[in-house]
Number of protein chains: 2
Amino acid sequence: MANIKEIARIAGVSVTTVSRVLNNHPYVSKDKRAAVLDTIDQLNYTRNMNAVHLITGRTGAVAVILPFINFFYFSIVMDGLAHEALLAQYRLILCQTNYSPEEELKVLEMLRNKEIDGVVIVSTALQPEVIEEYTAYGPIVTCQNSGERRFSSVYIEHYAAFRHGLQYLIGKGYRKIGYCEGRQNGSSSSIRQSAFREFLAENKLPFQEAWMIYDCMTEEHGAAAARSLLEMRERPDAVIVSGDHVAAGLIIESRKHGLRIPEDLAVMGFDNQPIGRLLEITTIDNQLYEMGASAFRIIHEQIRGDSTLPVYRKLAYRIIERSTV
Amino acid sequence: MANIKEIARIAGVSVTTVSRVLNNHPYVSKDKRAAVLDTIDQLNYTRNMNAVHLITGRTGAVAVILPFINFFYFSIVMDGLAHEALLAQYRLILCQTNYSPEEELKVLEMLRNKEIDGVVIVSTALQPEVIEEYTAYGPIVTCQNSGERRFSSVYIEHYAAFRHGLQYLIGKGYRKIGYCEGRQNGSSSSIRQSAFREFLAENKLPFQEAWMIYDCMTEEHGAAAARSLLEMRERPDAVIVSGDHVAAGLIIESRKHGLRIPEDLAVMGFDNQPIGRLLEITTIDNQLYEMGASAFRIIHEQIRGDSTLPVYRKLAYRIIERSTV
DNA sequence: TTGTATGCGTTATCAT
DNA sequence: ATGATAACGCATACAA
């Protein structure tokens, strides 16, 4: 493989000139530029980017930590990230960690190793304190609200959004409210859970452990939740479900058993997924795409500007009124 | 930042010895090893991997080319890839290209630049001939059947699978068959399309252009397809739809208008998605996860073994009988 | 406008 | 078992 030295030799110039041409620097005469370009073409030469990375101390790559790429939530965030990365000519290293702390730490180590210029943490099992230690090695952006930390974050107000959803439900007259949550790992699920409990307490609404259904990740889990709801002596008259696809399962199964939605059971979804639009599920849009896009823009800015000042960006949410509540 | 030289100086050994410790080479005495390890710990040292990549000529990274990460199909393949990459301690660079040939070429250029050790092409707008040119710079694996090329491939027999699906439909007595296809870009969609036309011709089944519905990518598109079907004077009595989520839209909208599935309209899905299971959609499973996992295993083997011999792996498909046909 | 010399941080080679 | 030194391929400060 040819290198810059060989190009210089054959083109009859110095390596500096070749480098200047390569990086579009000024102060290169037309003749020499042409000669260099010619030789590059002839020898089918390209730069060895590893050498560039070594000397510049930058790699043009950002790592993304998330647990499962095939979940709607994460794939949309990733879409936003990828779109912006493409615009910025940046590379994205997808680190699907399954919420394994060891694997997540390995990614942060990559920042120390200078293998990447920054890290975007979409969802993690790591404590904020651990993440903070790595801010010394490069910019980090999380997509969770971790408070005012030494790293940046862009997040949805899961707490407020969830309360708003509940407010919407009681505004429609529902008082017996059930709850359907996904995986317990993420920080957002526990935020939603406390929002739920606190809201119920504040509004003197009945709380029943039986109406709390956990680990609903798929359509099938939603359907199973519907069946368990049907078996109850006393059912909630409304249920708030994290994830429209789970809500879809719940709705379809409920209807199969003759329940009318929302007359017999109101369902409030989450995430504004395409399936929710199809089934006319009332849901909460929380701007997942924008979260990803925004996260990349922030980290890109921090990489370029070398400004270590963390940024905290709160994203708006909104209730999408359809017909299941 | 500390480097290997400084570690050597402080530990009172040579850089070679430090390097040996770093790489777990033999022939290092217990004392010196301990001294080195101590200093590394004290100075909070890690290797600059860019230097390692430069001298070894490897990066431990593989790029993945796909158009849209938030499509079910691609996110499942990516899941398979990511799972295997994690096991192999390899990094995955996600290149969401939107089927832009320029962007896809940029990724292949990364192979030339030594930024990556290999490329997995899940779906592309590039011609096989163009891809072949880059096999000189490192292993490439595609997830499409491109024939016996100079690069490897792992693929589903879209042609056979689709014909099998049609065979299943006529076996059930349907003769007026419609077709619902997604984005026209991918190679698999054109394969399915010719499978459809040829099967119809061979079996002397009626072909109607009006029954060919294109660009159905989402649940909503499926619903729209249902509405256009309802308006027809003469309707197909069965329709084969690429993507269970699109089939779901079609089914739900059809039922909303009083159509019975499968009595009035049989629906055959594709991809075996969770929503299909919920709605009991008869579908074709084409092992997307395994495709991704297999693609990574192949490329990993080729990177390690330096064997440039391409591998062609055909994946089995199977019809999942449920209740929409 | 151009070139020389140095350095980036590591591994590989070879000698001892 | 250990170390001195070259090599990887490039960018850049400085000199001209």
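Below, read A as the first sequence line, B as the second, and so on, with proteins coming before strands; counting in each chain starts at 1. The basis for the numbers below is simple: all heavy atoms, side chains too, and nothing from hydrogens, waters or symmetry mates.
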Donor-acceptor contacts under 3.5 Å from residues 27-35 of chain A side chains, at least two apart:
unit_1, atom_1, unit_2, atom_2, d
A:Ser29, OG, A:Lys32, N, 3.4
A:Arg33, NH2, A:His25, O, 3.2

Ring pair (Phe, Tyr, Trp, His ring centres under 6.0 Å) involving [X] - partner list, sequence neighbours excluded:
X       : result
A:Phe71 : A:Phe68
A:His83 : none
A:Phe72 : none

*N or O in side chain of A:Tyr27 less than 4.0 angstrom from C:dG3 OP1/OP2*: no
*Does the side chain of B:Lys32 get closer than 4.0 angstrom to OP1 or OP2 of D:dG3 through an N or O atom?*
yes
*Closer to the 5' end of DNA chain D via nearest nucleotide, is it B:Pro26 or A:Leu54?*
B:Pro26
*asked:* One character per nucleotide, please: for nucleotides 11-16 of chain D, 5' to 3', B when the base has a protein heavy atom closer than 4.0 Å, S when only the sugar-phosphate does, - otherwise.
replied: BBB---
*Contact class for A:Lys5 vs. all strands (heavy atom < 4.0 Å): base, sugar-phosphate, or nothing?*
nothing
*Can you tell which of C:dG3, D:dC10, D:dG3 lies closest to the side chain of A:Asn3?*
D:dC10
*Roughly how many Å is it from CG in A:Asn48 to P in D:dA7, rounded to a whole number?*
17 Å
_Tell me every residue that passes salt bridge (charged side-chain N to carboxylate O under 4.0 Å, His left out) with B:Lys114, counting only those two or more places apart in sequence or in another chain._
none
